[in-house]
Amino acid sequence: MSKPIDFIRQIITKDLADGKNNGKVVTRFPPEPNGYLHIGHAKSICLNFGIAREFSGQCNLRFDDTNPAREDEDFVRQIEADVKWLGFQWQGKSHHASDYFEQLYQFAEQLIERKVAYVCSLDAEQIRVLRGTLTEVGSDSPYRQRTTEENLDFFRRMRAGEFCDGEQVLRAKIDMASPNLNMRDPVLYRIRHLRHHLTGTQWCIYPTYDFTHCLSDAIEGVTHSLCTLEFEDHRPLYDWILQQVDVPCHPQQIEFSRLSLDYTLTSKRMLTRLVNEKVVSGWDDPRMPTLSGMRRRGVPAAAIRDFCNRIGVTRKDQQIESSLLDFCIRQQLDHDAPRAMAVLDPLKIIITNYPAGQSELLPAPNHPNRPELGHRQLLFSRELYIERSDFMENPPKKFFRLAPGREVRLRYAYLIRCEEVIRDTSSGEIIALRCHYDPLTRGGSAADGRKVKATLHWVSAAHAVTAQVRLYDRLFTAPTPDSDNFINELNTDSITVINNAQLEASLAQATDDCHYQFERLGYFYPDSNNQQKQQLAFNRTITLRDNRSKKSTYGKSNTGDSQ
RNA sequence: UGGGGCGUAGCCAAGUGGUAAGGCACCGGAUUUUGAUUCCGGUAUUCCCAGGUUCGAACCCUGGCGCCCCAGCCA
């Protein structure tokens, strides 16, 4: 059965059938450039751009840059890059609400002339008091009855810079007794003597969201203005403003619920704190739920798009389990990522019956289920590294990897048997294993058909390249980090840095557009800083799915574990 | 206790008066040179609760209950 369409697409389909909007569909994605885009934005991007694509319409990228106090050009560039990376394009240049400042100003004068807006000389605190409360109506501002001429004069002097910040505001004249607080004469313009990243010092008055958004939508010919549920109470104001002025069209605002993901934060305010308080290395820290953080960790854009399609679009509060995102990431990577071998916690093994100084090449497929991806040659020699956790001197019942006297397979190489454990005489620590290989098992299968219970990954000690590998885990210990207390709910083990991981030689050439599966460990992605730092580093995107803890009480090792 | 929303499995989500899709998670089992992948099979006698209408209700009506949002010159 094909996926049912969501309620928004149902509305649009009906609008089209009814011949509304001359058969056009125009949406917009309207971020404020005051932070990086995160997984919550991805939902909105996929919705808005996805609808435009499906209905042969158009989706504008429009920056809601009406508050110069917190906005920045760097964020603009980063947001554009992230939207493109996610896989979406927009026609022409990106739009900015600030492009419309002059038009918006003219609309404001229109409101004044039509006697539905006035300049109020109360300060913020007085306005708050007169607004009333949830259960008590507000009362009129003493400036509510100013004449049109007086209002026009004041408003023009506001624009001309004759007043200080906060001294005057332009307000809509609606209804101070409205049960909807947004309709109690909301502020439309405020004075801010601040440089704007695009308009510079051209303006010292800036329109508020409520005034700007609906009019920007109308100016751009948006047909369906999709936003999150918390704006539902603003819809009457959105419609009211559009009804008071002469606009070319009246876009329809439709609200949907925002995304919450377990163990992550989808609030720009809180993410900003993590960055500012240096809890993470930056907005693109691989532990961040930002698009750039996830990209750096190695999450493919296609996985995020798939995730957004799977969660659906409704009006019910969503709290999505992280296992769904994990599933999407693994599914994409399992298909795309070539396999390689890497040992994170090396334990040396010496193949006693393999001649010193000798080596040989063994072919290994790049993907076990996709022969078209070709193969590479692995170097095999007398001294190898295996994962320390793949050996146990006294193995419990369900441990079927290497142990004294036991035979296992080295992937795509030979069957080996452990003959002797070598310890450091003072510490007692196991420093190497002496093993015997069966030359007749080249490639990994025995001519006599005997089976082994385990296949281990390995690298040749002399030929391996050393790299740094970062293992990431969730940033928070709480499924729904508390908005006031989230700093105390950080996972102290959210990053583990391994400096002497031993990788198969082919990985030295890893490029930043290639995701790898390190066999039996997980998916890894070369860090974007590799070039600058002259150091080979990989970020673990996600572990492989692990069923072993379910079927036995014997869990995985530290290096393999997490998430 | 003003206004606006929302309640279908652990998490999402179809369903719009004709007898509960699908995905993730979970539990079995098969295949496997990754304890991966893949493949089969299982998991809601019931839709927040209580009444009512109807031959028939998750869908309609009435009354409750629970959760979310709103008192920025933020968006």
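We use all heavy atoms of the structure for the numbers below, so side chains are in, but hydrogens, waters and symmetry mates are not. Quick note on labels: first sequence line is chain A, next is B, and so on, each numbered from 1. Keep in mind it's a predicted model, so treat the numbers as computed, not measured.
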[options]: which one has an atom nearest the side-chain heavy atoms of [X]?
X	options	result
A/Arg190	B/rC74, B/rA25, B/rA71	B/rC74
A/Leu181	B/rA71, B/rC70, B/rA36	B/rA71
A/Phe231	B/rA75, B/rA14, B/rU34	B/rA75

What's the CG-P distance between A/Asn369 and B/rU37, to the nearest Å?
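These atoms are roughly 11 Å apart.
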Using whole Å, report how far CG of A/Asn366 lies from P of B/rA36.
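Those two atoms, CG and P, are 22 Å apart.
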State whether A/Asn547 places a side-chain N or O below 4.0 Å from either non-bridging phosphate oxygen (OP1 or OP2) of B/rA36.
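For B/rA36, OP1 or OP2 has a side-chain N or O of A/Asn547 closer than 4.0 Å.
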Within the structure, does a side-chain N or O atom of A/Gln332 lie under 4.0 Å from either OP1 or OP2 of B/rU37?
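No, A/Gln332 has no side-chain N/O under 4.0 Å of OP1/OP2 on B/rU37.
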So, for [X] and [Y], is the gap between ring centers shorter than 6.0 Å?
X	Y	result
A/Tyr118	A/Phe154	no
A/His515	A/Tyr523	no
A/Tyr209	A/Phe231	yes
A/Tyr516	A/Phe524	no

How are the rings of A/Phe380 and A/Trp458 set relative to one another: parallel (under 30°), tilted (30 to 60°) or perpendicular (over 60°)?
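It falls in the perpendicular class, over 60°.
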Geometric class of the A/Phe29/A/His41 ring pair [parallel <30°, tilted 30-60°, perpendicular >60°]:
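Rings of A/His41 and A/Phe29: perpendicular, as their planes differ by over 60°.
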Which parts of residues 251-272 of chain A get close to RNA chain B, meaning a heavy atom less than 4.0 angstrom away?
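Those residues whose heavy atoms fall under 4.0 Å from RNA chain B, taken from residues 251-272 of chain A, amount to none.
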Reading RNA chain B from 5' onward, which residue's closest nucleotide shows up sooner: A/Phe7 or A/Arg310?
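Taking each residue's closest nucleotide, the earlier one in sequence belongs to A/Phe7.
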A/Lys451 backbone acceptor or donor facing A/Arg409 side chain under 3.5 Å
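Side chain of A/Arg409 to backbone of A/Lys451: no pair is present.
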In 5'-to-3' order, the base (B), backbone-only (S) or no-contact (-) status of each nucleotide in nucleotides 4-11 of chain B, using a 4.0 angstrom heavy-atom cut-off, is SSSSS-BS
Starting at the 5' end of RNA chain B, write a dot or bracket for each base, bracketing those in Watson-Crick or G-U wobble pairs whose two distances are under 3.5 Å and using | for partners on another strand.
.(((((((.[[[..)..(...]]].(((((.......))))).....[[[[[..)....]]]]])))))).....
salt_bridge(A/Arg192, A/Asp165) N-O dist < 4.0 Å:
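Salt bridge flag = no for A/Asp165 with A/Arg192.
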